[in-house]
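So the structure is just underneath, and the comments pick up after that.
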Amino acid sequence: MITLLLAATLSAVAPADTSVTLHDVTVTGQQRHDYQMRTSQSTVQVSHDFLSNHFAGSLMQTLEGIPGVKAMAIGSGQSKPVIRGLGFNRLAVTEDGIKHEGQQWGDDHGLEIDQFAIDRAEVIKGPAALLYGSDAIGGVLNLFTNHIPTKPLSGSVQIFGRTNNEQIGLSAKIDGRKKSFFYRANVTLIDYADFRVPTDSIQYYSYWIKLKDRRMRNTAGCERDGSVMVGYQGYNFHTDLRISDSYSKSGFFANAHGLEVRLSSIDYDHSRRDIDLPYQWVNHLKVLSHSTWRNDVLSAELNLAYQYNVREEHSEPVSHGYMPQPDGSLERRFDKSTYTAGLLLRYELGRHVLQGGISGEHQHNRRKGWGFIIPDFETSSLGAFLMDRYTLRDNLIFNAGVRMDYTHTHIHSYQDWYTTPVDGTPVYQQRSASQRRHFTSLTWSAGVNYSLGAWVMKANIGKSFRVPIPKELGADGINYHIFRYEQGNSQLDAEESYQVDATVSWADERWEIEVEPYLNYFPNYIYLSPTPQYVEGLQLYHYTQARVLRYGLEAQATCKLDSHWQVHLQGEYLHARQQSGEKKGYTLPFSTPWSADGGVKYLFYHHGEGFVGLSAHAVGRQNEIVPPEKPTDGYWTLNLTAAKEFHLRGTTTLHVALHADNLLNRRYYDHTSYYRLIDVPEPGRNVAVKVGLEF
């Protein structure tokens with residue numbers, strides 16, 4: 001995949017002085033007008049205060065209130081980001097200017113990033129391959145953890161928890177600055193139990209499974225994060241080095257890992273905090289170096305990074321098909337190393353701001369264990385872009401750019417370690433053939449920003465791309481945790497996307513209104529297509545390509561009734577249709593239905609700022625399915641958010657935040673959840689509380 005040259009790019013699109021509140025999301029910028037004119041794409045800046053006050057358990061659940069942004073829950077206290085219905089390798093996640101490279105193709109684990117080390121975030125909705133390369137075909141989630149301290153010594157301690165899975169956690173931070181040198185250190189510890197659902201039993205392929213105390217057995221877990229940063233901030237030169245390590249361990253829902261669990265000797269209901277087989281652990285080590293130099297008209301940035309991601313899946317050694325009972329519990333292990341380098345130049349020439357950059361990345365992945373799903377691989381990529389931002393007038397700005405990328409992927413062959421009879425002869429069956437694929441892509445983008453009084457209008461048109469990942473090219477195995485058998489396709493081409501999107505907003509002292517329509521066309525969309533076939537008891541999905549047309553709309557409105565009361569209404573709609581292929585005329589699997597939110601917020605300022613808000617979240621019935629999918633009923637939930645800060649002695653501040661989901665404990669199914677396939681509803685009532693002390 002292509003490295004993201006983000007840090008320099010963000011300096012061109014993300015100012016940071018004061019803030020304006022927009023639908024509970026704090027948008028960082030000099031003014032709302034100036035912020036909206038920075039880029040022709042739909043972009044939302046999220047401040048540290050918003051992340052703290054709206055803590056909902058995981059990072060993506062905290063950000064889920066942004067229209068077009070969704071958290072795909074995976075049941076173990078974690079979640080993955082989805083923007084306008086696209087996620088996984090169609091969504092780039094970056095940390096301090098470097099693309100986060102884990103095993104993000106995995107559907108059953110979250111981001112290996114410490115959410116309590118994040119100072120602010122930025123969400124870019126829609127294709128952004130021009131500046132960010134492959135994987136940014138659906139959007140970008142930029143995370144920033146490199147805030148420069150201003151005091152000789154400062155820090156914070158936070159205690160938090162959630163009721164549904166009995167999560168408890170502690171996070172601490174300390175930082176300081178002496179003249180031009182600064183430092184920072186973070187540590188986070190989290191532990192959680194099996195989560196609860198509002199049902200006593202579920203159905204797994206016609207088998208009814210009883211749940212003890214309504215808990216999803218063996219979904220407990222823990223997380224351990226730590227990081228340290230040192231840096232130098234001069235007049236024209238800045239450099240910093242950050243080392244972070246993130247470890248998590250979580251159980252897989254036991255009954256989803258094959259029906260043989262009924263014969264297991266493990267007592268899964270012995271303790272709700274046990275992590276028994278099957279389980280996974282993931283560790284992500286990241287070393288980042290960021291350096292900048294600038295004068296009045298020219299700036300240069302250099303980003304270097306090394307990432308090492310290890311993931312292991314363990315399960316009881318049980319024979320499947322022709323595979324005999326293996327030795328040990330290590331079913332799968334993935335070792336992935338990623339080396340990244342990127343250089344970007346920015347030059348101001350009158351009314352023009354020229355940006356150009358070059359980046360390279362190399363990935364090396366090796367597998368172990370007796371189970372197979374993806375082969376060993378290496379991927380190398382190189383990309384370069386050039387962009388011009390031209391200010392015709394203060395209220396009229398144009399931008400255009402072009403990018404070229406080259407990627408080489410080498411996928412290794414793999415044969416089963418056991419024999420399978422073929423025409424009466426035992427053979428070591430090949431799961432993955434050796435292949436070398438080369439991908440070249442030319443992408444472009446153009447946009448315009450125009451403002452007139454209280455109106456701001458933006459439009460952007462462009463082409464994006466995404467290189468097929470090794471899983472899509474060479475997968476061939478059971479993915480128990482999302483209940484299907486997956487088969488790759490070595491003939492896949494690079495995915496392309498053409499998109500037109502626009503933003504129209506209007507604001508005065510009382511009202512803020514924004515509408516964001518978009519149209520997205522894929523000549524060769526890659527997706528896992530469900531089939532009526534079953535392999536080893538699980539439904540077969542295979543990767544294929546089809547022409548796909550997607551269009552949608554996001555809209556939001558906020559009214560400030562007075563200095564204390566605010567009301568808001570927002571909604572989103574997405575329509576997708578396959579224009580070719582075996583499922584022509586159908587939508588895409590796991591398509592998101594329409595949704596809407598409405599609520600009221602009361603702000604108070606006695607002994608420190610605070611607020612309390614009540615909102616209703618409604619989701620429509622999803623009848624647009626891909627057979628053999630089943631429709632999902634609509635639902636609505638009632639939710640509460642509150643936060644308050646108390647100024648103590650000196651500069652010490654106490655923060656309290658509360659977020660309650662599904663107050664009425666309603667039973668409902670999320671159409672994008674894989675647990676829906678085995679009749680598992682979403683978690684019931686869930687209250688998240690965080691208490692923090694800053695000094």
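By the side-chain contact (heavy atoms from CB on, under 4.5 Å) test, Val402 is found to be paired with Leu442, residues two or more places apart in sequence or in another chain being considered.
For the pair Arg120 and Phe144, the distance from NZ or CZ to the six-membered ring centre is under 6.0 Å and the angle to the ring normal is within 45 degrees. Stacking of Arg90 on the aromatic ring of Tyr525 is recorded, both the 6.0 Å distance cut-off and the 45° axial limit being met. Cation-pi geometry between Arg84 and Tyr518 is met: under 6.0 angstrom from the ring centre, within 45 degrees of the axis.
Electrostatic pairing of Lys125 and Glu554 counts as a salt bridge here, judged by a charged N lying under 4.0 Å from a carboxylate O. Salt-bridge check for Glu95 with Arg242: passed, with a basic side-chain N closer than 4.0 Å to an acidic carboxylate O. Ion pairing between a basic and an acidic side chain is recognised when a charged N comes within 4.0 Å of a carboxylate O; Arg466 and Glu496 show no such pairing. Under a 4.0 Å N-O distance rule, the pair Glu301/Arg346 does not qualify as a salt bridge.
With hydrogens and angles left out, the side-chain atoms of Ser42 and Glu516 include a donor and acceptor closer than 3.5 Å.
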Test Arg184 against Asp119 for salt bridge (Lys or Arg N to Asp or Glu O under 4.0 Å), laying out the working first.
CA-CA 12 Å; Arg184 178 174 176 175; Asp119 297 308; 2.6 Å; yes
Audit row: Gln307, Glu101, side-chain hydrogen bond (donor to acceptor under 3.5 Å, both in side chains) steps and yes/no:
CA-CA 7 Å; Gln307 300 177 67; Glu101 279 290 356; over 6 Å; no
As a quick check of understanding, evaluate side-chain hydrogen bond (donor to acceptor under 3.5 Å, both in side chains) for Tyr232 and His238, giving each step before the final call.
CA-CA 6 Å; Tyr232 171 86; His238 166 94; over 6 Å; no
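Within 6.0 Å of CH2 on Trp293 lie more than 12 heavy atoms contributed by other residues, nucleotides or ligands.
The backbone N or O of Gly102 lies less than 3.5 Å from a partner atom in the side chain of Lys336, making a donor-acceptor pair.
Smallest separation of non-hydrogen atoms from Pro127 and Ser497: CG-OG, 4.2 Å.
The one candidate from Lys70, His617, His54 that meets the side chain to side chain contact (heavy atoms under 4.5 Å, CB included) condition with Glu64 is Lys70.
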